Amino acid sequence: MTPKVRIYPDRQALVAAALTAIVDRIRMAIDQRQSCTIALSGGSTPQPLYAALANTDLPWDRIRIFWGDERYVAPTAPDSNYGMTKRVWLDLVPIPAANIHPMPTDCERPELAASAYEAEILADFGLEAGSIPVFDIVLLGMGDDGHTASLFPHTAALSVADRLVTAGEKDGQPRLTFTFPLLNRSRSTIFLVAGASKQTALAEIFALQGDIAAYPSRGIQPEGELLWLLDAAAGAGMTVTSEIG
Ligand code: 6PG
């Protein structure tokens with residue numbers, strides 16, 4: 001589906017718009033399918049969004065939360081995506097613990113953790129191995145280098161097509177990440193990108209020609225809707241393509 005791009009004057013407006021977009025899509029999923037499955041991104045950009053979600057009145061028992069990637073560290077580590085989300089959001093709302101699915105980071109090897117998480121996702125969706133679950137919402141960030149989730153440029157994780165979750169790495173540090181086949185099945189994929197440092201990668205990602213290996217976010221071509229929510233600093237030079245429904 002053609003990406004929809006919206007640009008907001010500053011991070012505060014960006015977070016407010018992202019909050020509305022996500023809450024609307026959570027409510028729509030629950031209205032239509034009695035539950036909502038959402039895969040979260042990590043990093044710093046979504047943190048104020050997660051803090052804002054902690055102040056919303058949602059049917060938390062209908063929401064099942066996963067992560068699209070994770071650093072291979074303990075949940076208590078300062079760079080844990082799960083740890084950050086738990087601290088600013090999930091500990092503050094009455095969501096059943098069974099609805100929260102952090103990526104395991106205590107297996108002997110990241111590859112085993114990736115397989116275990118894949119099995120956990122399939123079990124939660126009630127699907128057999130070989131199926132590809134359809135998440136209602138996938139929230140993504142983008143690095144200055146154009147990576148998304150933990151799909152980094154010129155890494156083996158970009159080519160994994162027979163698994164839903166794989167082990168990746170950034171500068172030798174192990175990561176876990178959804179693969180493109182899983183990411184691209186989502187009903188609604190929302191990129192949240194802020195800051196002037198993202199301009200170059202965004203230009204490469206929206207260029208007519210380009211290399212997914214060099215700019216992995218180009219590989220996010222979901223069957224469902226694709227929204228790019230940018231602040232003016234990141235989106236300088238880009239054009240808004242359509243209103244967000
Ligand atoms: C992670 C993220 C990663 C992140 C980008 C952008 O684990 O770091 O999932 O894909 O979204 O690196 O990070 P910032 O929001 O901090 O710029």
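Counting convention: from 1, in listed order, for ligands and their atoms alike. Bear in mind that the values here come from a model prediction, so they are computed numbers and not experimental data.
- Side chains of S80 and R71: no donor on one and acceptor on the other come within 3.5 Å.
- Polar contact with ligand 1: absent for P46 (N/O pair, distance under 3.5 Å).
- Of the protein's non-hydrogen atoms, the one nearest atom 6 (C) of ligand 1 is M142 O, 3.5 Å.
- Atoms CG and CG, from L139 and L229 in turn, are 9.0 Å apart once rounded to the nearest 0.5 Å.
- If you check which protein heavy atom lies closest to atom 8 (O) of ligand 1, you get R71 NH2, 2.7 Å.
- In terms of protein heavy atoms, atom 13 (O) of ligand 1 is closest to G43 CA, 4.0 Å.
- At a heavy-atom distance under 4.0 Å, atoms from both the backbone and the side chain of T45 approach ligand 1.
- Annotation for ligand 1: atoms under 4.0 Å from non-hydrogen atoms of R175 are 1 (C), 7 (O), 8 (O).
- A side chain to side chain contact (heavy atoms under 4.5 Å, CB included) with L140 holds for exactly one of L192, L183, L40; it is L183.
- For ligand 1, none of its N or O atoms has an N or O atom of S41 under 3.5 Å away.
- Polar contact with ligand 1: present for A149 (N/O pair, distance under 3.5 Å).
- For E70, no heavy-atom contact with ligand 1 is shorter than 4.0 Å.
- For N81, a nitrogen or oxygen atom sits less than 3.5 Å from a nitrogen or oxygen atom of ligand 1, counting backbone and side chain alike.
- Looking at atom 12 (O) of ligand 1, its nearest protein heavy atom turns out to be H147 NE2, 2.7 Å.
- Between D231 and Q12 the shortest side-chain heavy-atom distance does not fall below 4.5 Å.
- The shortest N or O to N or O distance between S150 and ligand 1 is not under 3.5 Å.
- The aromatic rings of Y117 and F66 sit perpendicular to each other, their planes meeting at more than 60°, with 30° as the lower class boundary.
- The ligand atoms of ligand 1 that sit less than 4.0 angstrom from a heavy atom of G141 are 11 (O).
- The hydrophobic clustering, which links ILVMFWY residues whose side-chain heavy atoms are closer than 4.5 Å, places L164 and L158 together.
- Distance check, rounded to the nearest 0.5 Å: CG of L226 to CZ of F191 gives 6.5 Å.
- A donor-acceptor pair shorter than 3.5 Å cannot be found between the side chains of D69 and T177.
- Summarising the geometry, atom OH belonging to Y72 is positioned 6.5 Å from atom CG belonging to L176; distances are rounded to the nearest 0.5 Å.
- Ring geometry for F135 against F178 counts as tilted: the plane angle lies between 30° and 60°, on a 0 to 90° scale.
- In this structure, the protein non-hydrogen atom closest to atom 9 (O) of ligand 1 is D69 OD1, 2.6 Å.
- Close approach of ligand 1 to K198 is summarised as follows: ligand atoms under 4.0 Å from at least one heavy atom of the residue are 6 (C), 14 (P), 17 (O).
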